[in-house]
K.L.:
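Just passing along the structure, written as structure tokens.
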Amino acid sequence: MSEQRRGLRHVEQAMGTVFSFDIRDTPTAAIGSALRDAVAWLHHVDEVFSPYRPDSAISRLARGEVSPADCSPEVREVLGLCTRVRRATDGWFSHTPDGTLDPSGLVKGWAVERAWRILHTAGAHNLCVNGGGDLQLSGESAPGVPWRIGIAHPLRPGALCTVVTGHDLAIATSGTAERGAHILDPHTGTPAEGPASVTVVGRRLTLTDAYSTAAFAMGGRAADWLEHLDGYEAFAVLRDGRVWRTTGFPGDA
């Protein structure tokens, strides 16, 4: 962890991806301690929720070795959130997309939001927590300057497709450019045929991330659904290069 003139920055490998913390407040002992707690939290989430760890609570639950009642409150919280999002998306989000328990589509956003909250409570109010390209932000990047977040173009390596601007927001992007066809259509259990990418912006990352996964799985249905989803905006790049955005999307091309 290294102190910078404008704050504190740290990069951490966890949960199979890269997390970064960009704190633009003056470092304090409380913020430094909270950063260590936030990093420890991410590794704890990996231990509990990874479907690739045979000893994780999620793996044991999937094998039927334990029931939800036997699991920790945080596991029951995540399962409850997954059920809530499944209902809100008419089944386009699922924590059992191929019949096997895997809440990964919600867990990363939930973990990042909780890490952000740990730091925010400790006094880091001008803050960006980035988990593999999904972000929870608050405050300003500099006094009087909002955060500006470039969204990578899925069809043009090295280029941006839009820039999101704001002070207190969450940003999540789903697509195939980085990880290939990893999002399943929960209704068929086969790879979803979504756009090249869809970026959803909301206030908190747990639901924003899950909704971006659902929107990708929806494909052509997503634009109308997101246009009418209260508190969320979106931008998508289609596979032929065309784009669409919801009316209030806080970004520019």
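What you are looking at is a predicted structure, and each value in this text was computed from that prediction instead of being measured.
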K.L.:
Going by the ring pair (Phe, Tyr, Trp, His ring centres under 6.0 Å) test, which pairs reach into residues 87-107, not counting sequence neighbours?
P.N.:
Trp92-His187
K.L.:
Scan side-chain atoms only and decide if Glu47 and Ser56 contain a donor-acceptor pair under the 3.5 Å cut-off.
P.N.:
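No, no side-chain donor-acceptor pair sits under 3.5 Å.
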K.L.:
One pair to check against salt bridge (charged side-chain N to carboxylate O under 4.0 Å, His left out): Arg204 and Asp209. What are the steps and the verdict?
P.N.:
CA-CA 9 Å; Arg204 296 293 177 260; Asp209 192 15; over 6 Å; no
K.L.:
Pairs in or reaching into residues 67-89: which pass salt bridge (charged side-chain N to carboxylate O under 4.0 Å, His left out), with residues at least two apart or in two chains?
P.N.:
Glu77-Arg114
K.L.:
Looking at Asp240 and Arg242, is any side-chain nitrogen of the basic one under 4.0 Å from a carboxylate oxygen of the acidic one?
P.N.:
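Here Arg242 pairs with Asp240 in a salt bridge, since their nearest N and O are under 4.0 Å apart.
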K.L.:
Does the side chain of Val163 come within less than 4.5 Å of Ile151's, by heavy atoms?
P.N.:
no
K.L.:
In the structure I gave you, are the side-chain heavy atoms of Val85 and Thr213 within less than 4.5 Å of one another anywhere?
P.N.:
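Result no, sub-4.5 Å side-chain heavy-atom pair not found.
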K.L.:
Return yes if some donor-acceptor pair links the side-chain N/O of Arg63 with the main-chain N/O of Pro54 below 3.5 Å, else return no.
P.N.:
yes
K.L.:
Strictly by modelled atom types, are Asp102 and Thr100 linked by a side-chain donor-acceptor pair under 3.5 Å?
P.N.:
no
K.L.:
So do Tyr232 and Val201 actually touch side chain to side chain, heavy atoms under 4.5 Å?
P.N.:
no
K.L.:
Taking distance alone, no hydrogens or angles, what donor-acceptor pairs closer than 3.5 Å link side-chain atoms of residues 128-140 to residues at least two apart or in another chain?
P.N.:
from	atom 1	to	atom 2	distance (Å)
Asn130	OD1	Gly133	N	2.8
Asp134	OD1	Thr173	N	3.1
Asp134	OD2	Lys108	NZ	3.2
Gln136	OE1	Leu205	N	2.8
Gln136	NE2	Leu169	O	3.4
Gln136	NE2	Arg203	O	3.0
Ser138	OG	Trp116	NE1	3.0
Ser138	OG	His125	O	3.1
Glu140	OE1	Gly144	N	3.2
Glu140	OE2	Gly144	N	3.3

K.L.:
For residues 216-223, tabulate all N or O donor-acceptor pairs below 3.5 Å that involve a side-chain atom, not counting sequence neighbours.
P.N.:
from	atom 1	to	atom 2	distance (Å)
Arg221	NH1	Met218	O	3.4

K.L.:
Holding to side chain to side chain contact (heavy atoms under 4.5 Å, CB included), I want the full list of residues that pass it with Thr190, two or more places apart in sequence or in another chain.
P.N.:
Thr188
K.L.:
Counting only pairs under 3.5 Å, give me each side-chain donor-acceptor contact of residues 11-21, with atom names and distances, residues two or more places apart or in other chains.
P.N.:
from	atom 1	to	atom 2	distance (Å)
Glu12	OE1	His10	NE2	2.7
Glu12	OE2	His43	NE2	2.7

K.L.:
Please report the interatomic distance CD1(Ile58) to OG(Ser50), rounded to the nearest 0.5 Å.
P.N.:
9.5 Å
